[in-house]
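Remarks on the structure that follows.
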Amino acid sequence: MSTSFQNIRGTFDILPDAYSDDGGTRIAPSAEWRHVETTVRDVMRRHNFEEIRTPILEPTELVARGVGESTDIVQKEMFAFERGDTQYVLRPEITAPVVRSFLQHHLAQRGGVQKLFYLGPCFRAEKPQKGRYRQFHQFGIEILGADEARADAETIAVLMAICEALGLSDLDLRLNTLGTPERRAEYVEALRGYLEPYSDELSETSQRRLERNPLRILDTKVEHEQKLLRDAPQLIEFVGEESLAHYDEVKGLLADLGIEYEEDPRLVRGLDYYTETTFELEHPGLGAQSALAGGGRYDRLAEVLGSDAPVPAVGFAAGMERLFLALDAAAVDRPESPTPDVFIAALGDEAEQWVFRTTQELRTAGLHVAHDLKGRSLKAQMKEANRQNAPYTMIIGGNELEAGAATVKEMESGAQEEVGFSELTEVLGRLVEAQKG
RNA sequence: GUGGGUGUAGCUCAGUUGGUUAGAGCGCCAGGUUGUGGUCCUGGAGGCCGUGGGUUCAAAUCCCACCACUCACCCCA
(Lines give C-alpha, C1' and ligand atoms only; values in the text may rest on other atoms or scores of the structure.)
Protein backbone atom coordinates (compact mmCIF):
# COMPACT_ATOMS: atom_id res chain seq x y z
CA MET A 1 0.00 0.00 0.00
CA SER A 2 1.25 3.41 -0.83
CA THR A 3 0.21 6.90 -1.70
CA SER A 4 1.72 9.67 -3.68
CA PHE A 5 0.85 12.05 -0.85
CA GLN A 6 2.79 12.82 2.25
CA ASN A 7 2.38 15.12 5.20
CA ILE A 8 3.28 18.76 4.69
CA ARG A 9 6.91 19.63 5.36
CA GLY A 10 7.46 20.57 8.97
CA THR A 11 4.39 18.70 10.21
CA PHE A 12 4.19 15.17 11.54
CA ASP A 13 1.66 12.45 12.26
CA ILE A 14 1.11 11.19 15.77
CA LEU A 15 0.48 7.45 15.53
CA PRO A 16 -0.66 4.77 17.98
CA ASP A 17 2.97 3.59 18.08
CA ALA A 18 6.16 5.59 18.48
CA TYR A 19 8.33 5.95 15.39
CA SER A 20 11.44 7.78 14.26
CA ASP A 21 11.51 10.42 11.58
CA ASP A 22 14.32 10.33 9.02
CA GLY A 23 16.57 12.33 11.30
CA GLY A 24 16.16 9.83 14.08
CA THR A 25 13.95 12.02 16.22
CA ARG A 26 11.44 9.94 18.10
CA ILE A 27 7.84 10.89 17.50
CA ALA A 28 5.92 9.96 20.61
CA PRO A 29 2.79 7.83 20.27
CA SER A 30 -0.63 9.29 20.89
CA ALA A 31 -0.81 7.73 24.36
CA GLU A 32 2.21 9.75 25.46
CA TRP A 33 0.79 12.95 24.05
CA ARG A 34 -2.38 12.25 25.97
CA HIS A 35 -0.36 11.65 29.11
CA VAL A 36 1.50 14.93 28.79
CA GLU A 37 -1.70 16.81 28.03
CA THR A 38 -3.46 15.22 30.98
CA THR A 39 -0.57 16.08 33.27
CA VAL A 40 -0.58 19.68 32.06
CA ARG A 41 -4.33 19.98 32.63
CA ASP A 42 -4.07 18.38 36.05
CA VAL A 43 -1.33 20.72 37.28
CA MET A 44 -3.21 23.68 35.82
CA ARG A 45 -6.32 22.65 37.72
CA ARG A 46 -4.40 22.33 40.98
CA HIS A 47 -3.04 25.83 40.44
CA ASN A 48 -6.55 27.10 39.79
CA PHE A 49 -6.11 27.98 36.13
CA GLU A 50 -9.09 27.77 33.78
CA GLU A 51 -8.84 26.58 30.20
CA ILE A 52 -9.41 28.92 27.28
CA ARG A 53 -9.64 27.74 23.67
CA THR A 54 -9.30 30.26 20.90
CA PRO A 55 -9.50 29.75 17.13
CA ILE A 56 -6.47 28.62 15.20
CA LEU A 57 -7.35 31.22 12.58
CA GLU A 58 -6.95 34.85 13.62
CA PRO A 59 -6.89 38.19 11.83
CA THR A 60 -3.41 38.84 10.51
CA GLU A 61 -3.49 42.32 11.97
CA LEU A 62 -3.87 40.94 15.50
CA VAL A 63 -0.61 39.06 15.16
CA ALA A 64 1.17 41.88 13.38
CA ARG A 65 0.23 44.36 16.10
CA GLY A 66 0.35 41.99 19.06
CA VAL A 67 3.55 40.13 18.36
CA GLY A 68 5.24 43.13 16.77
CA GLU A 69 6.00 44.23 13.22
CA SER A 70 9.73 43.98 13.75
CA THR A 71 9.74 40.37 14.90
CA ASP A 72 10.89 37.48 12.73
CA ILE A 73 7.51 35.89 13.24
CA VAL A 74 5.69 38.73 11.53
CA GLN A 75 8.44 39.54 9.07
CA LYS A 76 8.81 36.13 7.52
CA GLU A 77 7.19 33.29 9.44
CA MET A 78 3.46 33.77 9.15
CA PHE A 79 1.17 31.40 7.32
CA ALA A 80 -1.10 34.18 6.13
CA PHE A 81 -3.62 34.36 3.34
CA GLU A 82 -6.44 36.45 2.06
CA ARG A 83 -9.99 35.42 1.34
CA GLY A 84 -12.52 37.99 0.24
CA ASP A 85 -11.46 41.15 2.00
CA THR A 86 -10.27 39.42 5.18
CA GLN A 87 -6.64 38.72 6.04
CA TYR A 88 -6.21 35.44 7.91
CA VAL A 89 -3.24 33.98 9.71
CA LEU A 90 -2.66 30.60 11.31
CA ARG A 91 -1.75 31.67 14.83
CA PRO A 92 2.01 31.61 15.43
CA GLU A 93 1.53 31.88 19.22
CA ILE A 94 -1.37 32.08 21.59
CA THR A 95 -0.77 35.04 23.89
CA ALA A 96 -2.10 37.70 21.54
CA PRO A 97 -5.24 35.62 20.77
CA VAL A 98 -5.90 35.08 24.48
CA VAL A 99 -5.59 38.78 25.21
CA ARG A 100 -7.84 39.50 22.25
CA SER A 101 -10.42 37.12 23.64
CA PHE A 102 -10.06 38.53 27.14
CA LEU A 103 -10.76 42.03 25.85
CA GLN A 104 -13.46 41.06 23.38
CA HIS A 105 -15.49 39.13 25.96
CA HIS A 106 -14.82 41.58 28.80
CA LEU A 107 -13.44 38.80 30.96
CA ALA A 108 -12.25 41.38 33.45
CA GLN A 109 -15.93 41.72 34.33
CA ARG A 110 -15.86 38.23 35.83
CA GLY A 111 -14.05 39.98 38.66
CA GLY A 112 -10.66 39.38 40.16
CA VAL A 113 -7.61 38.15 38.34
CA GLN A 114 -8.10 35.92 35.29
CA LYS A 115 -5.86 32.89 35.38
CA LEU A 116 -6.13 31.16 32.01
CA PHE A 117 -4.31 28.29 30.36
CA TYR A 118 -4.31 26.97 26.82
CA LEU A 119 -2.99 24.03 24.85
CA GLY A 120 -2.97 23.60 21.10
CA PRO A 121 -1.23 23.85 17.75
CA CYS A 122 0.63 26.89 16.41
CA PHE A 123 2.14 27.54 13.00
CA ARG A 124 5.31 29.21 11.84
CA ALA A 125 6.79 29.03 8.36
CA GLU A 126 10.34 28.39 9.48
CA LYS A 127 12.74 25.88 8.01
CA PRO A 128 12.15 22.76 10.07
CA GLN A 129 14.82 20.98 12.06
CA LYS A 130 15.14 18.92 15.19
CA GLY A 131 12.68 20.21 17.78
CA ARG A 132 11.31 22.79 15.39
CA TYR A 133 8.27 22.28 13.25
CA ARG A 134 5.95 24.35 11.13
CA GLN A 135 3.00 23.01 13.03
CA PHE A 136 3.97 22.65 16.65
CA HIS A 137 2.13 22.49 19.93
CA GLN A 138 2.23 24.94 22.76
CA PHE A 139 0.66 25.11 26.15
CA GLY A 140 0.90 28.03 28.48
CA ILE A 141 -0.79 30.37 30.86
CA GLU A 142 -1.75 34.01 31.03
CA ILE A 143 -2.43 35.79 34.32
CA LEU A 144 -4.39 38.88 33.40
CA GLY A 145 -5.05 41.81 35.68
CA ALA A 146 -2.29 41.41 38.26
CA ASP A 147 0.89 43.49 38.37
CA GLU A 148 2.08 41.90 41.59
CA ALA A 149 5.37 40.04 41.70
CA ARG A 150 3.44 37.07 43.03
CA ALA A 151 1.85 36.69 39.60
CA ASP A 152 5.30 36.51 38.00
CA ALA A 153 6.47 33.98 40.56
CA GLU A 154 3.35 31.85 40.26
CA THR A 155 3.75 31.78 36.48
CA ILE A 156 7.20 30.31 36.87
CA ALA A 157 6.04 28.01 39.66
CA VAL A 158 3.33 26.45 37.48
CA LEU A 159 5.83 25.83 34.72
CA MET A 160 8.24 24.15 37.10
CA ALA A 161 5.43 22.11 38.66
CA ILE A 162 4.45 20.75 35.26
CA CYS A 163 8.02 19.77 34.48
CA GLU A 164 8.30 18.08 37.84
CA ALA A 165 5.03 16.23 37.39
CA LEU A 166 6.34 14.95 34.08
CA GLY A 167 9.52 13.75 35.72
CA LEU A 168 11.88 16.34 34.28
CA SER A 169 14.75 17.67 36.32
CA ASP A 170 18.11 19.28 35.59
CA LEU A 171 16.50 22.29 34.00
CA ASP A 172 18.09 25.70 33.75
CA LEU A 173 15.87 28.66 34.50
CA ARG A 174 17.24 31.94 33.22
CA LEU A 175 15.82 35.20 34.46
CA ASN A 176 16.06 38.87 33.51
CA THR A 177 14.16 42.12 33.66
CA LEU A 178 13.55 44.48 30.77
CA GLY A 179 12.05 47.29 32.83
CA THR A 180 9.32 49.58 31.57
CA PRO A 181 8.90 50.28 27.86
CA GLU A 182 9.93 53.91 28.47
CA ARG A 183 13.22 53.03 30.12
CA ARG A 184 13.68 50.25 27.66
CA ALA A 185 13.31 52.77 24.83
CA GLU A 186 15.98 54.95 26.43
CA TYR A 187 18.26 51.98 26.62
CA VAL A 188 17.58 51.03 23.03
CA GLU A 189 18.68 54.50 21.96
CA ALA A 190 21.82 54.27 24.09
CA LEU A 191 22.63 50.88 22.65
CA ARG A 192 22.04 52.12 19.14
CA GLY A 193 24.27 55.11 19.82
CA TYR A 194 27.00 52.81 21.05
CA LEU A 195 26.79 50.35 18.19
CA GLU A 196 26.32 52.75 15.31
CA PRO A 197 30.04 53.59 14.96
CA TYR A 198 30.72 49.85 14.58
CA SER A 199 27.93 49.40 12.06
CA ASP A 200 30.32 48.22 9.35
CA GLU A 201 31.61 45.42 11.54
CA LEU A 202 28.16 43.98 12.18
CA SER A 203 26.57 41.10 10.36
CA GLU A 204 23.85 41.85 7.89
CA THR A 205 21.06 40.78 10.22
CA SER A 206 22.51 42.75 13.08
CA GLN A 207 22.73 45.83 10.88
CA ARG A 208 19.08 45.41 10.05
CA ARG A 209 18.27 45.00 13.71
CA LEU A 210 20.26 48.07 14.60
CA GLU A 211 17.60 50.03 12.80
CA ARG A 212 14.50 48.05 13.65
CA ASN A 213 15.14 46.40 17.02
CA PRO A 214 18.64 46.84 18.47
CA LEU A 215 17.72 44.91 21.61
CA ARG A 216 17.80 41.70 19.66
CA ILE A 217 21.48 42.17 18.86
CA LEU A 218 22.14 41.31 22.49
CA ASP A 219 21.63 37.60 21.95
CA THR A 220 23.89 37.45 18.91
CA LYS A 221 26.14 34.45 18.66
CA VAL A 222 28.68 36.09 16.39
CA GLU A 223 31.88 36.20 18.40
CA HIS A 224 33.02 39.58 17.22
CA GLU A 225 29.67 41.11 18.02
CA GLN A 226 29.71 39.59 21.47
CA LYS A 227 33.08 41.19 22.00
CA LEU A 228 31.72 44.55 20.95
CA LEU A 229 28.82 44.16 23.35
CA ARG A 230 31.09 43.63 26.31
CA ASP A 231 31.60 47.38 26.68
CA ALA A 232 28.12 48.32 25.58
CA PRO A 233 25.71 50.00 27.96
CA GLN A 234 23.88 47.50 30.12
CA LEU A 235 20.12 47.24 30.14
CA ILE A 236 20.07 46.90 33.92
CA GLU A 237 21.60 50.37 34.27
CA PHE A 238 18.52 51.84 32.64
CA VAL A 239 15.92 49.87 34.53
CA GLY A 240 14.03 52.08 36.97
CA GLU A 241 13.85 51.65 40.71
CA GLU A 242 10.30 50.39 40.71
CA SER A 243 11.14 47.76 38.15
CA LEU A 244 14.19 46.70 40.12
CA ALA A 245 12.11 46.42 43.27
CA HIS A 246 9.59 44.30 41.40
CA TYR A 247 12.37 42.12 40.03
CA ASP A 248 13.89 41.69 43.48
CA GLU A 249 10.54 40.67 44.84
CA VAL A 250 10.11 38.06 42.12
CA LYS A 251 13.54 36.66 42.89
CA GLY A 252 12.73 36.59 46.59
CA LEU A 253 9.50 34.70 45.98
CA LEU A 254 11.26 32.17 43.78
CA ALA A 255 13.85 31.63 46.47
CA ASP A 256 11.01 31.09 48.97
CA LEU A 257 9.59 28.40 46.72
CA GLY A 258 12.99 26.76 46.39
CA ILE A 259 13.11 27.42 42.67
CA GLU A 260 16.66 27.82 41.42
CA TYR A 261 17.43 30.31 38.68
CA GLU A 262 20.30 32.03 37.03
CA GLU A 263 20.23 35.70 36.11
CA ASP A 264 21.05 36.47 32.51
CA PRO A 265 21.22 40.16 31.65
CA ARG A 266 21.39 39.27 27.94
CA LEU A 267 18.09 37.42 27.94
CA VAL A 268 15.87 39.52 25.71
CA ARG A 269 13.40 37.24 23.91
CA GLY A 270 12.16 37.80 20.43
CA LEU A 271 8.67 39.06 20.94
CA ASP A 272 8.09 42.79 21.24
CA TYR A 273 5.41 42.73 23.88
CA TYR A 274 7.58 41.69 26.80
CA THR A 275 8.23 44.14 29.66
CA GLU A 276 9.74 43.76 33.11
CA THR A 277 10.37 40.13 34.06
CA THR A 278 11.40 37.70 31.33
CA PHE A 279 12.54 34.11 31.67
CA GLU A 280 13.45 31.06 29.70
CA LEU A 281 13.59 27.41 30.69
CA GLU A 282 16.26 25.28 29.08
CA HIS A 283 17.22 21.67 29.09
CA PRO A 284 20.94 21.13 28.55
CA GLY A 285 21.96 18.82 25.76
CA LEU A 286 19.02 19.20 23.44
CA GLY A 287 21.10 20.66 20.66
CA ALA A 288 20.10 23.89 19.03
CA GLN A 289 16.57 23.88 20.33
CA SER A 290 17.23 23.83 24.03
CA ALA A 291 14.48 26.24 25.10
CA LEU A 292 11.53 24.31 26.47
CA ALA A 293 9.58 27.35 27.47
CA GLY A 294 9.77 31.10 27.68
CA GLY A 295 7.71 33.88 29.04
CA GLY A 296 7.47 37.02 31.03
CA ARG A 297 5.43 40.08 31.69
CA TYR A 298 3.63 42.00 28.93
CA ASP A 299 1.89 44.88 30.64
CA ARG A 300 1.30 46.91 27.47
CA LEU A 301 -0.06 44.28 25.12
CA ALA A 302 -3.72 44.94 25.94
CA GLU A 303 -3.32 48.59 25.05
CA VAL A 304 -1.51 47.74 21.84
CA LEU A 305 -4.58 45.67 20.97
CA GLY A 306 -6.87 48.62 21.60
CA SER A 307 -7.81 48.41 25.25
CA ASP A 308 -8.51 51.82 26.79
CA ALA A 309 -7.40 50.54 30.18
CA PRO A 310 -4.05 48.91 30.88
CA VAL A 311 -4.09 45.20 31.73
CA PRO A 312 -0.98 44.08 33.56
CA ALA A 313 -0.25 40.51 32.55
CA VAL A 314 2.31 37.76 32.76
CA GLY A 315 2.53 34.28 31.27
CA PHE A 316 4.61 31.57 29.70
CA ALA A 317 4.48 29.36 26.63
CA ALA A 318 6.02 25.90 26.47
CA GLY A 319 6.69 23.70 23.45
CA MET A 320 5.36 20.16 23.59
CA GLU A 321 7.83 18.87 21.01
CA ARG A 322 10.72 20.28 23.03
CA LEU A 323 9.30 18.67 26.13
CA PHE A 324 9.31 15.30 24.42
CA LEU A 325 12.94 15.82 23.41
CA ALA A 326 13.79 16.53 27.02
CA LEU A 327 11.82 13.49 28.20
CA ASP A 328 13.77 11.37 25.72
CA ALA A 329 17.10 12.84 26.80
CA ALA A 330 16.25 12.19 30.44
CA ALA A 331 14.91 8.71 29.63
CA VAL A 332 11.81 9.35 31.68
CA ASP A 333 9.38 6.43 31.97
CA ARG A 334 6.40 6.68 29.66
CA PRO A 335 2.90 5.34 30.11
CA GLU A 336 2.03 2.33 28.01
CA SER A 337 -0.78 2.35 25.52
CA PRO A 338 -4.04 1.06 26.92
CA THR A 339 -4.69 -2.62 26.25
CA PRO A 340 -8.04 -4.43 26.07
CA ASP A 341 -9.43 -6.00 29.24
CA VAL A 342 -10.60 -8.99 27.28
CA PHE A 343 -10.40 -10.32 23.74
CA ILE A 344 -13.35 -12.34 22.50
CA ALA A 345 -12.67 -15.01 19.92
CA ALA A 346 -15.53 -16.52 17.94
CA LEU A 347 -15.76 -19.73 15.92
CA GLY A 348 -18.41 -20.00 13.25
CA ASP A 349 -21.20 -17.76 12.01
CA GLU A 350 -23.53 -18.33 14.92
CA ALA A 351 -20.82 -17.64 17.48
CA GLU A 352 -19.76 -14.51 15.62
CA GLN A 353 -23.26 -13.14 15.85
CA TRP A 354 -23.44 -13.93 19.54
CA VAL A 355 -20.03 -12.37 20.14
CA PHE A 356 -20.89 -9.22 18.26
CA ARG A 357 -23.96 -8.74 20.44
CA THR A 358 -22.25 -9.67 23.72
CA THR A 359 -19.28 -7.44 22.99
CA GLN A 360 -21.64 -4.51 22.85
CA GLU A 361 -23.16 -5.45 26.23
CA LEU A 362 -19.77 -5.79 27.90
CA ARG A 363 -18.65 -2.47 26.47
CA THR A 364 -21.79 -0.82 27.76
CA ALA A 365 -20.89 -2.23 31.15
CA GLY A 366 -17.59 -0.36 30.88
CA LEU A 367 -15.16 -3.06 29.80
CA HIS A 368 -12.50 -2.52 27.15
CA VAL A 369 -13.35 -5.33 24.74
CA ALA A 370 -11.55 -6.39 21.56
CA HIS A 371 -12.62 -8.90 18.94
CA ASP A 372 -11.83 -9.93 15.40
CA LEU A 373 -13.87 -8.47 12.58
CA LYS A 374 -12.65 -10.76 9.83
CA GLY A 375 -13.89 -14.21 10.89
CA ARG A 376 -10.40 -15.64 10.98
CA SER A 377 -9.23 -18.94 12.42
CA LEU A 378 -9.11 -19.40 16.19
CA LYS A 379 -5.35 -19.53 16.00
CA ALA A 380 -5.25 -16.18 14.24
CA GLN A 381 -7.62 -14.71 16.81
CA MET A 382 -5.53 -16.00 19.71
CA LYS A 383 -2.48 -14.51 18.09
CA GLU A 384 -4.27 -11.21 17.80
CA ALA A 385 -5.31 -11.36 21.46
CA ASN A 386 -1.70 -11.95 22.38
CA ARG A 387 -0.47 -9.10 20.23
CA GLN A 388 -2.94 -6.75 21.82
CA ASN A 389 -1.77 -7.82 25.27
CA ALA A 390 -5.23 -8.74 26.47
CA PRO A 391 -4.94 -10.38 29.91
CA TYR A 392 -8.03 -12.52 29.22
CA THR A 393 -9.40 -14.16 26.12
CA MET A 394 -12.95 -15.44 25.91
CA ILE A 395 -13.62 -18.22 23.42
CA ILE A 396 -17.07 -18.83 21.99
CA GLY A 397 -17.75 -21.74 19.67
CA GLY A 398 -20.51 -24.30 19.14
CA ASN A 399 -19.69 -26.06 22.43
CA GLU A 400 -20.00 -22.87 24.45
CA LEU A 401 -23.26 -21.84 22.80
CA GLU A 402 -24.71 -25.27 23.55
CA ALA A 403 -23.53 -25.25 27.15
CA GLY A 404 -24.49 -21.64 27.74
CA ALA A 405 -21.08 -20.98 29.21
CA ALA A 406 -18.03 -19.18 27.81
CA THR A 407 -14.45 -20.42 27.97
CA VAL A 408 -12.39 -17.72 29.67
CA LYS A 409 -8.65 -18.07 29.40
CA GLU A 410 -6.11 -16.25 31.52
CA MET A 411 -3.38 -15.58 29.00
CA GLU A 412 -0.31 -15.48 31.16
CA SER A 413 -0.90 -18.78 32.95
CA GLY A 414 -2.94 -20.38 30.21
CA ALA A 415 -5.58 -21.47 32.74
CA GLN A 416 -9.14 -21.77 31.46
CA GLU A 417 -12.49 -21.80 33.17
CA GLU A 418 -16.14 -21.96 32.18
CA VAL A 419 -18.29 -18.95 32.95
CA GLY A 420 -22.06 -19.08 32.53
CA PHE A 421 -23.45 -16.52 30.10
CA SER A 422 -25.68 -15.02 32.77
CA GLU A 423 -22.79 -14.09 35.02
CA LEU A 424 -20.32 -13.05 32.30
CA THR A 425 -20.39 -9.32 32.94
CA GLU A 426 -20.02 -9.76 36.67
CA VAL A 427 -17.22 -12.34 36.56
CA LEU A 428 -15.23 -10.55 33.85
CA GLY A 429 -15.66 -7.27 35.67
CA ARG A 430 -14.29 -8.85 38.83
CA LEU A 431 -11.33 -10.47 37.04
CA VAL A 432 -10.41 -7.25 35.29
CA GLU A 433 -10.72 -5.32 38.53
CA ALA A 434 -8.39 -7.77 40.28
CA GLN A 435 -5.97 -7.56 37.34
CA LYS A 436 -5.75 -3.80 37.62
CA GLY A 437 -5.57 -3.72 41.40
C1' G B 1 17.15 32.60 3.08
C1' U B 2 22.54 30.09 3.62
C1' G B 3 25.57 25.66 4.42
C1' G B 4 26.36 20.11 5.50
C1' G B 5 24.35 14.98 5.48
C1' U B 6 21.10 11.07 3.72
C1' G B 7 17.67 8.57 0.03
C1' U B 8 17.37 0.13 -1.44
C1' A B 9 10.70 -3.93 1.37
C1' G B 10 6.28 -1.53 6.79
C1' C B 11 11.12 -1.02 10.12
C1' U B 12 16.68 -1.66 10.68
C1' C B 13 20.11 -2.39 7.11
C1' A B 14 23.46 -5.63 3.37
C1' G B 15 24.38 -5.32 -1.84
C1' U B 16 31.99 -6.90 -3.64
C1' U B 17 36.39 -4.10 -9.01
C1' G B 18 29.48 -1.84 -12.65
C1' G B 19 27.68 -8.26 -14.49
C1' U B 20 21.81 -12.74 -14.92
C1' U B 21 15.52 -12.76 -11.80
C1' A B 22 18.05 -6.99 -5.87
C1' G B 23 18.93 -9.82 -0.48
C1' A B 24 18.87 -10.56 5.20
C1' G B 25 16.79 -9.84 10.09
C1' C B 26 12.44 -8.07 12.38
C1' G B 27 7.29 -7.25 11.30
C1' C B 28 2.85 -8.87 8.36
C1' C B 29 -0.30 -13.13 6.16
C1' A B 30 -1.00 -18.46 5.91
C1' G B 31 0.14 -23.58 7.04
C1' G B 32 2.32 -27.32 10.45
C1' U B 33 -2.30 -28.11 15.02
C1' U B 34 -10.33 -29.96 11.02
C1' G B 35 -11.20 -25.36 18.64
C1' U B 36 -6.14 -22.30 21.56
C1' G B 37 -1.56 -17.19 21.66
C1' G B 38 3.78 -16.43 23.21
C1' U B 39 8.82 -20.73 21.36
C1' C B 40 9.91 -23.56 16.93
C1' C B 41 9.57 -25.16 11.59
C1' U B 42 7.74 -24.27 6.45
C1' G B 43 5.69 -21.25 2.81
C1' G B 44 3.79 -16.48 0.99
C1' A B 45 2.84 -11.35 0.09
C1' G B 46 5.46 -6.95 -0.06
C1' G B 47 10.69 -3.02 -4.07
C1' C B 48 9.39 2.70 -10.42
C1' C B 49 16.83 0.73 -5.64
C1' G B 50 13.84 9.11 -4.41
C1' U B 51 12.92 11.33 -9.82
C1' G B 52 14.87 12.58 -14.57
C1' G B 53 18.90 12.52 -17.77
C1' G B 54 23.95 10.83 -19.18
C1' U B 55 28.29 7.20 -19.69
C1' U B 56 28.37 1.80 -20.90
C1' C B 57 27.29 -4.27 -24.29
C1' A B 58 25.45 -3.84 -19.12
C1' A B 59 23.90 0.95 -13.66
C1' A B 60 21.07 0.06 -7.00
C1' U B 61 26.50 0.72 -8.06
C1' C B 62 29.89 5.83 -12.07
C1' C B 63 28.60 11.28 -13.66
C1' C B 64 25.03 15.54 -13.79
C1' A B 65 20.57 17.87 -12.48
C1' C B 66 16.28 17.96 -9.69
C1' C B 67 13.19 16.47 -5.59
C1' A B 68 12.36 14.83 -0.72
C1' C B 69 13.90 14.26 4.11
C1' U B 70 17.23 15.72 7.82
C1' C B 71 21.01 18.48 10.81
C1' A B 72 22.99 23.25 11.58
C1' C B 73 23.14 28.84 11.02
C1' C B 74 19.36 32.76 11.81
C1' C B 75 15.35 32.87 15.22
C1' C B 76 12.24 30.62 18.45
C1' A B 77 8.41 26.74 21.80
Side-chain angles (χ1 to χ4, degrees), chain A residues 1-2 4 6-12 15 17-25 67 70-77 92-95 119-140 159 203-206 208-209 213 216-217 219-222 268-271 280-283 286-295 316-326 343 345-348 351 374 376-400 407-416:
Chain A
M1 282 177 272
S2 65
S4 49
Q6 56 179 292
N7 61 294
I8 296 286
R9 172 182 173 72
T11 69
F12 56 92
L15 306 179
D17 294 317
Y19 67 100
S20 294
D21 67 22
D22 292 342
T25 299
V67 176
S70 71
T71 60
D72 281 2
I73 291 177
V74 172
Q75 292 282 304
K76 54 185 189 190
E77 295 171 3
E93 54 91 72
I94 309 190
T95 296
L119 189 158
C122 295
F123 303 82
R124 291 182 199 173
E126 298 182 274
K127 201 155 176 181
Q129 63 190 70
K130 187 183 178 117
R132 178 154 78 199
Y133 297 89
R134 289 185 161 182
Q135 175 176 344
F136 59 104
H137 300 78
Q138 282 194 343
F139 64 85
L159 175 58
S203 64
E204 213 173 294
T205 34
S206 288
R208 213 174 316 121
R209 282 188 201 135
N213 195 353
R216 298 268 306 291
I217 300 178
D219 50 23
T220 179
K221 273 151 198 156
V222 181
V268 184
R269 310 201 43 73
L271 282 58
E280 210 168 280
L281 189 66
E282 289 189 7
H283 183 93
L286 282 196
Q289 267 62 48
S290 59
L292 299 185
F316 77 78
M320 300 265 286
E321 289 78 6
R322 303 281 170 84
L323 223 46
F324 277 112
L325 284 179
F343 187 100
L347 276 157
K374 293 186 67 76
R376 296 192 293 174
S377 69
L378 181 58
K379 175 178 171 146
Q381 293 183 66
M382 292 302 293
K383 215 172 162 175
E384 184 66 26
N386 192 59
R387 189 191 2 255
Q388 294 196 29
N389 268 314
Y392 295 98
T393 297
M394 187 166 112
I395 299 166
I396 303 294
N399 300 343
E400 283 78 7
T407 301
V408 174
K409 176 170 185 168
E410 209 260 288
M411 294 297 273
E412 200 174 318
S413 65
Q416 296 189 173

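In what follows, chains carry the letters A, B, and so on, assigned in the order in which the sequence lines appear, proteins first and then strands, with residues in each chain numbered from 1.
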Do side-chain atoms of A:Glu321 reach the backbone of A:His137 as a donor and acceptor pair under 3.5 angstrom? yes
Looking at every strand, decide which applies to A:Tyr133 at a 4.0 Å heavy-atom threshold: base, sugar-phosphate, or nothing. base
Below 4.0 Å: OP1/OP2 of B:rA72 and any side-chain N or O of A:Gln129: yes
With a 6.0 Å cut-off on the ring centroids, do A:Phe12 and A:Tyr133 count as close? yes
Base, sugar-phosphate alone, or nothing: which one does A:Gly140 contact when heavy atoms must sit under 4.0 Å apart? nothing
Checking all strands, does A:Gln416 fall into the base, sugar-phosphate, or nothing category for heavy-atom contacts under 4.0 angstrom? base
Do the side chain of A:Gln381 and the main chain of A:Arg376 share a donor and acceptor less than 3.5 angstrom apart? yes
Residue mapping more 5' on RNA chain B - nearest nucleotide basis, A:Ser20 or A:Leu292: A:Ser20
Test item: side-chain donor near acceptor, A:Glu400 and A:Thr407, under 3.5 Å: yes
Identify whether any heavy atom of A:Ala385 sits under 4.0 Å from a base atom; if not, whether one sits that close to sugar-phosphate; answer base, sugar-phosphate or nothing. nothing
Counting any heavy atom closer than 4.0 Å, what does A:Lys379 reach on the DNA or RNA strands: base, sugar-phosphate only, or nothing? base
Dot-bracket for RNA chain B, 5' to 3', with Watson-Crick and G-U pairs under 3.5 Å, [ ] for crossing pairs and | for other-strand pairs: what is it? (((((((..((((.....[...)))).(((((.......))))).....(((((..]....))))))))))))....
Hey, does the side-chain of A:Asn386 have a donor or acceptor N/O within less than 3.5 Å of a partner on the base of B:rG37? yes
Could you write out each protein N or O paired with an N or O of nucleotides 25-28 of chain B at a distance under 3.5 Å?
| from | atom 1 | to | atom 2 | distance (Å) |
| --- | --- | --- | --- | --- |
| B:rC28 | OP1 | A:Arg387 | NH1 | 2.5 |

Of A:Ile396 and A:Gly10, the one whose closest nucleotide on RNA chain B sits nearer the 5' end is A:Ile396
Side-chain N,O (A:Thr25) to OP1/OP2 (B:rC71) below 4.0 Å: yes
If the threshold is 4.0 Å, N to carboxylate O, is there a salt bridge linking A:Glu93 and A:Arg124? no
Rounding to an integer number of Å, can you tell me how far A:Met382 CE sits from B:rG31 P? 15 Å
With no angle test and no hydrogens, is the base of B:rU70 tied to the side chain of A:Lys130 by a donor-acceptor pair under 3.5 Å? no
So, does A:Arg322 use its side chain to make a donor-acceptor pair with the main chain of A:Ala293 at under 3.5 Å? no
Have a look at A:Gln75 and say if it touches a base, only the backbone sugar-phosphate, or nothing, with a 4.0 Å heavy-atom cut-off. nothing
Between NZ of A:Lys409 and C1' of B:rG35 the distance, given in whole Å, is 11 Å
Salt bridge or not between A:Arg134 and A:Glu126? Use side-chain N to carboxylate O under 4.0 Å. no
With no angle test and no hydrogens, is the base of B:rA77 tied to the side chain of A:Glu126 by a donor-acceptor pair under 3.5 Å? yes
Looking only at N and O atoms, is any donor in the side chain of A:Arg132 or the base of B:rC71 less than 3.5 Å from an acceptor on the other one? no
Output the distance between atom CG (A:Leu292) and atom CD (A:Glu282), rounded to the nearest 0.5 Å. 8.0 Å
Does A:Arg9 have a side-chain nitrogen or oxygen under 4.0 Å from the phosphate oxygens OP1 or OP2 of B:rC69? yes
Distance-only donor-acceptor test (3.5 Å): side chain A:Gln381, base B:rG35: no
Heavy atoms only: give me the nearest A:Gly397-A:Ala351 pair and the separation to one decimal. CA-CB, 4.2 Å
